[in-house]
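Heads up: the structure comes next, in structure tokens.
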Amino acid sequence: MATHNLGSSIPVPSVKELVSQSLKTVPHRYLWNLHDDHPTAPADTSLHVPVIDISNLLHPHFHQIELQKLHHACKNWGIFQLIGHEVCGESLNSMHRKSEEFFNLLPEEKKLYAQKLGSLEGYGQAFVISEDQKLEWCDMIFLKALPTNTRKLDFWPQQQPHNFREALDAYAHDMRNIAVSIIGFIAMALGLDAKTFSNAFKGGSYDVRMNCYPPCPEPERVIGISSHADISGITLLTDCGNIPGLQILKDGQWVFVEPITNGIVVNIGIIMEVVSNGIYKAPYHRACVNREKDRFSLVTFCYPDKKFEIKPAEQLIDSNSVALYKSFTYDEYMQSFYERTKLSDDGVPFVDTLKI
Ligand SMILES: O=C(O)CCC(=O)C(=O)O
Ligand SMILES: [Fe+2]
């Protein structure tokens, strides 16, 4: 089975359309039982997502100390905010504007790009597999952006928003450059040669998910995206506007990732967890919504190329450290993930099924 046909979702109403009906209360399918969940860290918490300055990593004088910081960030958090990068604010803002303009189009204009049966790509919701499943307070459009031959342009908005395709093309290339560079530093932080994974990520896939979280009359009872770990190699997230929403599970508490202007949130995905033999872990995270404003985020899932074997890096395995994860081809890995999304939740995290 080809991996691109594995994901599929049952169509459900657009949350933005629901909100436009001036709801006072939330329909029951969106109400989650969040009481037995982990607490959210108090506003004055001392827990702050680490910030890594890539210009220090590139600087001969500061390289070593920043690399240590990167190692600790990946080991203790699995997430960090990247600053000092060369993607200019204008380029980020341009894609942010286009995604916002897309979600603000009329429903019938957005529906031109709706997901089709058997494909996750397009406008809609991810992984709705049953009619009684709880729903997330989020509309999204998911597009494969790189390599260019994987694009399904039918799902790419064309006339409206004007220049959407150009902006996404530029954005995806920017994200690939950042990913290749950061993956080199992650290899070094693991004590490996900087080039260990570079080629795999240069030729890898870059899938972009644009999320729109409309305001909600009862934000504490719904969830924008429920708790999950990303299956990517790494994920790059840019927040449009300064609206907090992303939370990361750290030491049993949900900690808000505070938006930094032009910062890029980087998180370790399950592929890098496997490759690092669990030295770095893919963190659980979720998105919360608020009462007042739409929140938009742009998420780029960065994958190695299809020839890359997903297994603990050989250089990390010796008589003192045995491999903790099995070995998979790219297709086996994707297939086993998508097969699980079709089943009802058995409580076993996907990553645990990869362990020896
Ligand atoms: O929008 C966010 O803050 C989180 C999005 C996310 O985790 C995802 O799309 O996988
Ligand atoms: Fe995620």
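Residue numbers run from 1 in the order of the sequence given. Remember, it's 1-based here, ligands and their atoms both numbered in the order they're listed.
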ring-ring contact (aromatic ring centres under 6.0 Å, His included), that's the test. Do Tyr333 and Phe350 meet it? Break it down for me. CA-CA 10 Å; Tyr333 173 84; Phe350 171 58; 5.5 Å; yes
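- Trp32 and Asp37 share no donor-acceptor pair across their side chains, judged by distance under 3.5 Å alone.
- Of the possible donor and acceptor atoms, none in the side chain of Glu273 sits under 3.5 Å from a partner among the backbone N and O of Ile268.
- Residue Glu258 places its CD atom among 12 or fewer non-hydrogen atoms of other residues, nucleotides or ligands, all under 6.0 Å distant.
- The closest side-chain donor-acceptor pair between Asp318 and Ser321 falls under 3.5 angstrom.
- For the Fe ion (ligand 2), the neighbouring protein N/O/S atoms at less than 2.8 Å, given as residue and atom, are His228 NE2, Asp230 OD1, His285 NE2.
- Panel note: side chain His48, backbone Thr45; a donor-acceptor pair is recorded below 3.5 Å.
- Rounding to the nearest 0.5 angstrom, the gap separating the NZ atom in Lys98 from the NE2 atom in His162 is 7.0 Å.
- Donor-acceptor pairing under 3.5 Å is recorded for the side chains of Glu136 and Ser226.
- For Asp53 and His59, the side-chain atoms include no donor-acceptor pair closer than 3.5 Å.
- Contact shell of ligand 1 (protein heavy atoms, cutoff 4.0 Å): Arg209, Asn211, Tyr213, Ile225, His228, Asp230, Leu237, Leu246, His285, Ala287, Arg295, Ser297, Val299, Phe301.
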